[in-house]
Trainee: 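Dropping the structure in here first, questions after.
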Amino acid sequence: MRVLIPLAALALSACAAPACPPGLARGSALDLYFGRGIDGARAVSDAQWRGFVEEVLIREFPDGSTGVDAEGTWFSRRQGRTIVERSKVVTVIVPDARAADERVARLIAEYKRRFDQDSVLRVERSVCFAF
């Protein structure tokens, strides 16, 4: 037996998030992965990272964020090998991810410009939160 489900119904069911418990609001967690390697030989220093946080991240997200140290791997097509580098993962909680798109885009563009990066990974997930 073959069952056909309209695509619109699948999209709605896949996007529908369960209600949040009392006292918590629905929102999004934006995880941004910032590689700290530059040209395979240099790295974004701790002082440079702090400057970026103070001058850019806090300006774009003054309500707060959380950053953690990480080690990331990615495949460089240019070098033909897997790169391992120190990274920072920054999480920002926002009520509406679409409303934060321009701020995230400015943040990413400035990081790429300052530190000669090809990309910054953005992961978005639905969350329940309260401050």
Side-chain angles (χ1 to χ4, degrees):
M1 177 179 181
R2 197 166 149 190
V3 177
L4 298 176
I5 300 172
L7 287 177
L10 284 176
L12 286 176
S13 66
C15 293
C20 290
L24 297 179
R26 171 76 44 212
S28 295
L30 308 176
D31 297 319
L32 304 170
Y33 293 74
F34 297 90
R36 293 181 67 183
I38 304 172
D39 297 332
R42 299 176 295 135
V44 176
S45 71
D46 291 340
Q48 288 172 310
W49 174 255
R50 279 190 305 278
F52 176 76
V53 168
E54 292 168 4
E55 297 163 16
V56 184
L57 179 60
I58 291 172
R59 180 187 68 219
E60 295 296 346
F61 294 98
D63 290 337
S65 64
T66 299
V68 296
D69 291 320
E71 182 176 88
T73 62
W74 58 280
F75 184 78
S76 169
R77 296 197 194 304
R78 192 173 353 141
Q79 296 180 34
R81 66 184 180 93
T82 299
I83 306 295
V84 178
E85 67 179 327
R86 290 176 57 206
S87 303
K88 287 285 190 178
V89 179
V90 173
T91 300
V92 179
I93 307 296
V94 294
D96 180 359
R98 298 294 71 82
D101 279 346
E102 287 183 22
R103 294 184 292 159
V104 171
R106 285 192 299 265
L107 181 76
I108 290 172
E110 179 59 17
Y111 190 80
K112 289 167 58 176
R113 185 196 69 74
R114 273 190 196 201
F115 303 117
D116 194 28
Q117 299 292 301
D118 292 332
S119 65
V120 171
L121 175 64
R122 173 183 175 169
V123 176
E124 184 178 312
R125 54 200 156 81
S126 182
V127 296
C128 295
F129 73 98
F131 290 108

Trainee: Please find the pair of heavy atoms, one from Arg36 and one from Glu85, that lie closest to each other, and give the distance.
Mentor: N-OE1, 3.4 Å
Trainee: Among residues at least two apart in sequence or on other chains, which ones pass side chain to side chain contact (heavy atoms under 4.5 Å, CB included) with Asp118?
Mentor: Arg78
Trainee: Which heavy atom of Ile38 sits nearest a heavy atom of Phe115, and at what distance?
Mentor: CG1-O, 3.6 Å
Trainee: Let's go through Gln117 and Phe34 carefully: what are the C-alpha distance in whole Å and the side-chain angles of both, what is the deciding distance for side chain to side chain contact (heavy atoms under 4.5 Å, CB included) to 0.1 Å, and is it a yes or a no?
Mentor: CA-CA 9 Å; Gln117 299 292 301; Phe34 297 90; over 6 Å; no
Trainee: Would you sort out whether Asp46 and Arg50 count as a side chain to side chain contact (heavy atoms under 4.5 Å, CB included), showing the intermediate values?
Mentor: CA-CA 6 Å; Asp46 291 340; Arg50 279 190 305 278; 3.6 Å; yes
Trainee: To the nearest 0.5 Å, tell me how far Ser28 OG sits from Ile93 CD1.
Mentor: 8.5 Å
Trainee: Would you list the pairs meeting salt bridge (Lys or Arg N to Asp or Glu O under 4.0 Å) in which at least one residue belongs to residues 65-77, sequence neighbours left out?
Mentor: Asp69-Lys88
Trainee: Which value, rounded to the nearest 0.5 Å, describes the distance between Arg113 atom CZ and Ile108 atom CD1?
Mentor: 15.0 Å
Trainee: List, by chain and then residue number, the residues other than Tyr33 in its hydrophobic cluster (Ile/Leu/Val/Met/Phe/Trp/Tyr, side-chain heavy atoms under 4.5 Å); write none if there are no others.
Mentor: Val68, Val89, Leu121, Val123
Trainee: With sequence neighbours left out, what residues match Arg26 under side chain to side chain contact (heavy atoms under 4.5 Å, CB included)?
Mentor: Ala17, Pro18, Cys20, Ser126, Cys128
Trainee: Would you kindly confirm whether Val127 and Leu32 end up in one hydrophobic cluster when ILVMFWY residues are joined by side chain heavy atoms under 4.5 Å apart?
Mentor: no
Trainee: Show me the side-chain donor-acceptor pairs of residues 52-59 shorter than 3.5 Å, one per line, residues at least two apart or across chains.
Mentor:
| from | atom 1 | to | atom 2 | distance (Å) |
| --- | --- | --- | --- | --- |
| Glu55 | OE1 | Arg114 | NH1 | 3.0 |
| Glu55 | OE1 | Arg114 | NH2 | 2.7 |
| Arg59 | NH1 | Glu55 | O | 3.2 |

Trainee: Please round to the nearest 0.5 Å and tell me the distance separating atom CD of Glu124 and atom CZ of Arg98.
Mentor: 4.5 Å
Trainee: Let's go through Val44 and Tyr111 carefully: what are the C-alpha distance in whole Å and the side-chain angles of both, what is the deciding distance for side chain to side chain contact (heavy atoms under 4.5 Å, CB included) to 0.1 Å, and is it a yes or a no?
Mentor: CA-CA 10 Å; Val44 176; Tyr111 190 80; 3.7 Å; yes
Trainee: List for me each residue that meets salt bridge (Lys or Arg N to Asp or Glu O under 4.0 Å) alongside Asp31, sequence neighbours excluded, and say none if there are none.
Mentor: Arg125
Trainee: Between CG of Asp63 and CZ of Phe131, what distance do you get to the nearest 0.5 Å?
Mentor: 7.0 Å
Trainee: What heavy-atom pair brings Gln79 and Ser76 nearest, and what distance separates the two atoms?
Mentor: N-OG, 3.0 Å
